[in-house]
Amino acid sequence: MKALSGFYYVQTPERLVECKARGRFRKDGISPLVGDWVTITVERGKGMIEQILPRANSFIRPAVANLDLLVLLVSQSIPVTEPFLIDRVTAIAGNQNVPVIICVNKSDLQSEGSLAEIYTHAGYDVVTTSAVTGAGVEQLKALISGKTVAFTGNSGVGKSSILNRLAPDLHVLTGEVSERLGRGRHTTRHIELFALPDGTFVADTPGFSSFDTDQMEVVLKENLQYAFPDFAPYLGKCRFHDCAHLKEPGCAVTEACRQGLIEPTRYESYVKLYEKAKEIKLWELK
């Protein structure tokens with residue numbers, strides 16, 4: 001349920017148990033993640049994680065496992081979320097077949113805008129919310145009901161504020177956004193799963209900035225095209241079967257982009273991510 005300073009808080013049928021992890025996990029290069037199913041032993045009220053059960057999925061940032069859904073909070077007001085930041089997160093989730101909801105928060109400051117249009121066009125579920133007025137919160141609540149989800153996004157977009165709207169009894173700490181810097185303070189210092197009354201588990205995760213994208217996992221260039229759902233109608237229709245969708249003649253993806261069927265910012269993000277992926281050596285991943 002929570003990971004903090006080398007301690008792991010595991011929910012059993014009876015109670016929440018503070019645990020440490022066996023040293024062999026560190027030797028194997030594995031760490032327990034929030035969302036993991038584990039087996040533990042308990043002695044004198046303290047627990048020890050003995051086994052991490054197989055994961056359906058796992059992420060580096062946010063460091064969570066076994067998600068049914070990722071909720072990516074973004075904003076068109078202070079702080080403004082860059083499309084590349086959104087596209088990198090959605091590509092990582094798409095590579096693991098984890099659905100994404102784009103939650104455009106702070107509609108009380110700007111009710112209409114391009115982010116909602118871009119990602120609706122790209123085929124994502126988009127919800128427009130306001131943590132101040134409560135607009136859109138019930139729609140979001142219905143979409144996540146009964147699932148294990150993580151809220152992620154750049155600092156200051158209102159993750160904790162929206163979580164407080166979903167479950168006011170939690171009293172999650174929130175912070176102010178710096179008008180000078182245009183970004184929020186990192187009020188969430190650790191990752192924790194919160195249980196909502198309807199069987200939903202929500203992870204509130206530390207916010208990140210555009211500089212933190214280098215800490216995220218990289219989708220291999222061979223897989224990247226499949227992590228963009230808006231590319232799907234055009235895959236397999238290029239002149240060359242091994243088309244990278246960059247400057248090749250007869251590329252169906254670039255043609256769709258020219259026709260306005262794919263959003264320009266989405267394609268620009270694909271190119272940037274492809275260039276990053278080209279730098280990865282396969283032997284580094286072993």
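Excluded from the calculations below are hydrogen atoms, water molecules and symmetry mates; all remaining heavy atoms, backbone and side chain alike, are included.
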Participant: Calculate, to the nearest 0.5 Å, the distance between atoms CD1 and CD1 belonging to I60 and I92 respectively.
Facilitator: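 Between atom CD1 of I60 and atom CD1 of I92 there are 8.0 Å.
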
Participant: Between V104 and T129, is there a side-chain heavy-atom distance shorter than 4.5 Å?
Facilitator: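 Sidechains of V104 and T129: no contact.
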
Participant: Among pairs that include at least one residue of residues 16-39, which meet salt bridge (Lys or Arg N to Asp or Glu O under 4.0 Å), considering only residues two or more places apart or in two chains?
Facilitator: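 Output for this query lists E18-K46, R22-E50, D36-R55.
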
Participant: Testing the 3.5 Å rule here: is there a donor-acceptor pair between the side chains of D198 and S145?
Facilitator: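 The answer is yes; a qualifying pair exists.
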
Participant: Linking Ile, Leu, Val, Met, Phe, Trp and Tyr through side-chain heavy atoms less than 4.5 Å apart, which residues share a cluster with I30?
Facilitator: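 When side chains under 4.5 Å apart are linked, the cluster holding I30 also contains Y8, V10, V17, F25, V38, I40, V42, I49, I52.
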
Participant: Please check this pair: side chain of T120 against backbone of E117, looking for a donor-acceptor N/O pair closer than 3.5 Å.
Facilitator: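 The answer is no, because no donor-acceptor pair under 3.5 Å joins these two groups.
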
Participant: Out of T265, T90, D87, which residue meets the side chain to side chain donor-acceptor pair (under 3.5 Å) rule with Y119?
Facilitator: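 Result: among T265, T90, D87, D87 is the only option passing the side chain to side chain donor-acceptor pair (under 3.5 Å) with Y119.
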
Participant: Do L73 and T152 have side-chain heavy atoms sitting under 4.5 Å apart?
Facilitator: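 A side-chain contact is absent here, since even the closest heavy-atom pair is not under 4.5 Å.
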
Participant: Who pairs with T39 by side chain to side chain donor-acceptor pair (under 3.5 Å), at least two apart in sequence or on another chain?
Facilitator: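 For T39 there are no side chain to side chain donor-acceptor pair (under 3.5 Å) partners, ignoring immediate neighbours.
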
Participant: Is there a path of hydrophobic side-chain contacts, each under 4.5 Å between heavy atoms, that joins M48 and V34?
Facilitator: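 Result: no, two separate clusters.
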
Participant: Got a sec, which hydrophobics cluster with W37, joining ILVMFWY side chains under 4.5 Å apart, including via others?
Facilitator: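 Direct or chained contacts put W37 with L53.
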
Participant: Rounded to the nearest 0.5 Å, how far apart are CG of L193 and CZ of F201?
Facilitator: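 Answer rounded to 0.5 Å: 7.0 Å.
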
Participant: Please tell me if the side chains of R88 and L85 come closer than 4.5 Å, counting only heavy atoms from C-beta onward.
Facilitator: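 R88 vs L85: side chains apart.
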
Participant: Less than 4.5 Å apart, side chain to side chain, heavy atoms only: is that true for N105 and V157?
Facilitator: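 Result no, sub-4.5 Å side-chain heavy-atom pair not found.
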
Participant: Nearest 0.5 Å, what's the CG-NE2 distance between L261 and H121?
Facilitator: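 One gets 6.0 Å once the value is rounded to the nearest 0.5 Å.
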
Participant: Please list, chain by chain and in numerical order, all residues satisfying salt bridge (charged side-chain N to carboxylate O under 4.0 Å, His left out) with E248, sequence neighbours excluded.
Facilitator: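 With neighbours one apart ignored, the set is empty.
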
Participant: Taking the side chain as every heavy atom from C-beta outward, state whether K221 and E275 have any atom pair closer than 4.5 Å.
Facilitator: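 Contact flag for K221/E275 side chains = no.
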
Participant: Got a second to check how far N154's CG is from T81's OG1, nearest 0.5 Å?
Facilitator: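 It is 3.5 Å, given to the nearest 0.5 Å.
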
Participant: Please list, one pair per line, the donor and acceptor atoms closer than 3.5 Å that link side chains of residues 225-235 to other protein atoms, with sequence neighbours excluded.
Facilitator:
from	atom 1	to	atom 2	distance (Å)
Q225	OE1	H245	NE2	2.6
D230	OD1	R266	NH2	2.8
D230	OD2	R266	NE	2.9

Participant: Report yes if the side chains of S114 and Q76 come closer than 4.5 Å at any heavy-atom pair, otherwise no.
Facilitator: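 S114 vs Q76: side chains touch.
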
